[in-house]
Amino acid sequence: MEFLKKIVNAMSDGLSWLGRRKAWLLVLVPVIAAIVLVIVLVSGRGNGDIQPKDDTSAQSSDTTAVSTLTPNSGENLSGTLSDSSAPTSDTGETTPPPEPDLPLELERKDVLSISETTEDGILLVNGEIEVPVFSNSTGSAVISAVNANVAAHCEEMRDAAVKKLRTFAQGELSGESPQLPFSYNAKAEITLSSDTAVSVLFSISVFSGGDKSAVYRSAVTCSLSDGSVFTLDSFFGSSVSDASEYIGERIASEIAADSGDFYPDYEGLVEFYGLENRWYLSDSGFTVFYIPYEIAGYAKGILTYTIPYGDLNGYLTFNPAYTASAQ
């Protein structure tokens, strides 16, 4: 350190001398600065204050890290995510995700129970609704969406039934001989399962007192492109108005061929009820249903009218009956 002090003092004296000779200052200052920097570095190396970077060691460490993080044989490491939506083949080409195996398979039918009681435990309404559950080998998200929408439809049926029947049943309690419990039971039937759509028809039996059980229908149809519920708009597209008119005329024409037991104004009633919430798909075509007392008396029961898909070619947005395996 004494050596450094002597050098610094000498430099200080030199700078004083240069200060009196400003012309040399601009030339010597950079040289002096460089000398000081070298001295500091040498001093630091000797005292251990500054350690050199071991480039060889760093390179070895980086290489080890890369080796550890590189999956072997194309396997994904634990804790990492693969891009399952765009897998690649051995040639490096992007391949599409697996398509659902179609038509669907009916895996099982769950049961949605109904049990409504008064505060003191009197059973007012009971029953069961069958809930179809579909599956396929790929576990497609489309199938999950279909199942969710079918289940939601069943829950809507239950909620509407309970709301209506509970009110009637509570009124029945005030009578001399209440006929309780009321009941609501729905059986599910798969009327169409193609590569493009799946349609479920619910046949409903309701007891709400009296001598007869009422019968109803409800249906839900889902797209197998995304699992969404088909509406008339998505089924017929912009031609829904023309399609509805055409189907209504077909039904009225069929009734006209044998109009006995139908209400005289059946044409107006067919138009009044329309198609919304009263249709399903089958292998035969687009089917419309009417429950008793809508266009005819109870004796006619449930009325159904089916329009072949071939007669609707100009209106449909897709082929509901398409199944690749049948080609």
Side-chain angles (χ1 to χ4, degrees), residues 102-104 146 149-150 152-153 156-157 160 188-204 215-324 326-327:
L102 300 170
L104 305 184
V146 169
N149 283 320
V150 170
H153 183 85
E156 290 174 2
M157 291 166 53
E189 174 189 359
I190 314 306
T191 58
L192 177 72
S193 179
S194 68
D195 285 2
T196 55
V198 58
S199 199
V200 183
L201 174 65
F202 296 91
S203 298
I204 305 164
V215 290
Y216 298 92
R217 293 289 185 272
S218 183
V220 59
T221 300
C222 296
S223 165
L224 293 185
S225 64
D226 59 6
S228 62
V229 175
F230 271 119
T231 63
L232 288 175
D233 287 338
S234 57
F235 190 74
F236 291 113
S238 60
S239 62
V240 62
S241 179
D242 293 339
S244 298
E245 182 179 357
Y246 170 72
I247 292 171
E249 290 175 352
R250 284 283 298 262
I251 294 173
S253 177
E254 188 171 337
I255 294 173
D258 184 11
S259 59
D261 297 327
F262 283 86
Y263 297 143
D265 188 24
Y266 62 83
E267 292 182 89
L269 291 171
V270 167
E271 182 179 356
F272 172 78
Y273 285 112
L275 302 180
E276 197 68 56
N277 300 322
R278 61 177 61 253
W279 62 274
Y280 60 90
L281 304 180
S282 68
D283 292 330
S284 302
F286 181 90
T287 301
V288 182
F289 59 83
Y290 299 92
I291 64 174
Y293 302 115
E294 287 187 330
I295 62 175
Y298 185 84
K300 296 293 286 185
I302 298 289
L303 295 164
T304 60
Y305 300 93
T306 300
I307 313 299
Y309 297 124
D311 294 348
L312 296 171
N313 274 342
Y315 305 108
L316 298 175
T317 57
F318 68 101
N319 180 2
Y322 175 76
T323 302
Q327 303 305 310

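Below, each value reflects all heavy atoms present in this structure, side chains not excepted, and no hydrogens, waters or symmetry copies. Positions are given from 1, in the same order as the sequence printed here.
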Visitor: For the side-chain hydrogen bond (donor to acceptor under 3.5 Å, both in side chains) test, which of T191, T304, T306 pairs with T287?
Guide: T306

Visitor: Less than 4.5 Å apart, side chain to side chain, heavy atoms only: is that true for R250 and D311?
Guide: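 Heavy-atom side-chain distance check passes, below 4.5 Å.
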
Visitor: Using side-chain hydrogen bond (donor to acceptor under 3.5 Å, both in side chains) as the criterion, list what pairs up with T231, not counting sequence neighbours.
Guide: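 Listed in chain order: S234.
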
Visitor: Tell me the closest heavy-atom pair linking T196 and A321, and the distance in Å.
Guide: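 Closest approach of T196 to A321, heavy atoms only: OG1-N, 4.4 Å.
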
Visitor: So, the side chain of T221 versus the backbone of F230: is there a donor-acceptor pair under 3.5 Å, distance only?
Guide: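 Not a single qualifying donor-acceptor pair exists.
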
Visitor: Are any non-hydrogen side-chain atoms of L104 and L224 less than 4.5 angstrom apart?
Guide: yes

Visitor: Measure the spacing between CZ of F272 and CG of D265 and express it to the nearest 0.5 Å.
Guide: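 Separation between the atoms: 11.0 Å.
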
Visitor: Would you please indicate yes or no on a ring centroid separation below 6.0 angstrom for Y246 and F236?
Guide: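 When the ring centroids of F236 and Y246 are compared, they turn out to be at least 6.0 Å apart.
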
Visitor: Rounded to the nearest 0.5 Å, what separation is found between the OH atom of Y280 and the CD atom of E189?
Guide: 7.0 Å

Visitor: Give a yes or no answer on whether the side chain of S244 reaches the backbone of V240 with a donor-acceptor pair at less than 3.5 Å.
Guide: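 Yes; judged by distance alone, with no hydrogens or angles, the pair exists.
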
Visitor: Indicate yes or no: at least one non-hydrogen side-chain atom of I247 is less than 4.5 angstrom from one of Y315.
Guide: no

Visitor: Tell me whether the count of non-hydrogen atoms from other residues, nucleotides or ligands lying under 6.0 Å of OH in Y298 goes above 12.
Guide: yes

Visitor: Are F289 and Y305 an aromatic pair, judged by ring center distance below 6.0 Å?
Guide: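 Ring centroids of Y305 and F289 are no less than 6.0 Å from each other.
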
Visitor: A side-chain contact here means heavy atoms from C-beta on lying under 4.5 Å apart; do L303 and I255 qualify?
Guide: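 Not touching, per the 4.5 Å side-chain cut-off.
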
Visitor: Which heavy atom in S194 sits nearest to a heavy atom in P320, and how many Å separate them?
Guide: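 Closest heavy-atom pair between S194 and P320: OG-O, 2.5 Å.
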
Visitor: Any donor and acceptor pair, going by atom type alone, linking the side chain of S193 with main-chain N or O of V198 inside 3.5 Å?
Guide: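 Such a contact is absent between S193 side chain and V198 backbone.
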
Visitor: Taking salt bridge (Lys or Arg N to Asp or Glu O under 4.0 Å) as the definition, give me every residue that meets it alongside E267, ordered by chain and number, with sequence neighbours left out.
Guide: none

Visitor: Return the CD1 to CD1 distance between I307 and I251, rounded to the nearest 0.5 Å.
Guide: 6.0 Å

Visitor: Rounded to the nearest 0.5 Å, how far apart are NE2 of H153 and OG of S218?
Guide: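 Output value for this atom pair is 3.0 Å.
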
Visitor: Is any side-chain heavy atom of N149 closer than 4.5 Å to one of V220?
Guide: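 Counting from C-beta outward, V220 and N149 never come under 4.5 Å.
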
Visitor: Tell me, do I190 and V200 make a side-chain contact under 4.5 Å, heavy atoms counted?
Guide: yes

Visitor: To the nearest 0.5 angstrom, please state how far the OG atom of S223 sits from the CG atom of D226.
Guide: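 If we round to the nearest 0.5 Å, S223:OG and D226:CG are 4.5 Å apart.
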
Visitor: Output, in order, the C-alpha distance, side-chain angles, deciding distance and verdict of ring-ring contact (aromatic ring centres under 6.0 Å, His included) for Y290 and Y266.
Guide: CA-CA 12 Å; Y290 299 92; Y266 62 83; over 10 Å; no

Visitor: Under the ring-ring contact (aromatic ring centres under 6.0 Å, His included) rule, what do F235 and F318 come out as? Steps first, then yes or no, please.
Guide: CA-CA 8 Å; F235 190 74; F318 68 101; 5.5 Å; yes

Visitor: For W279 and L232, run side chain to side chain contact (heavy atoms under 4.5 Å, CB included): C-alpha distance rounded to whole Å, both residues' side-chain angles, the deciding distance at 0.1 Å, then the answer.
Guide: CA-CA 9 Å; W279 62 274; L232 288 175; 3.4 Å; yes

Visitor: Grab the two heavy atoms, one from A296 and one from D261, that are nearest each other, plus how far apart they are.
Guide: CB-O, 3.4 Å

Visitor: I need the minimum non-hydrogen distance between A188 and F202, along with the two atoms involved.
Guide: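 Shortest heavy-atom separation between A188 and F202 comes out as CB-CE2, 3.7 Å.
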
Visitor: Which pair of heavy atoms, one from E294 and one from Y273, lies closest together, and at what distance?
Guide: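 Here E294 and Y273 meet closest at O-CE1, 3.3 Å.
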
Visitor: OG/S284 to OH/Y309 distance, rounded to the nearest 0.5 angstrom?
Guide: 8.0 Å

Visitor: Can you give me the closest heavy-atom contact between I302 and P292, atom names plus distance?
Guide: CD1-CD, 3.8 Å

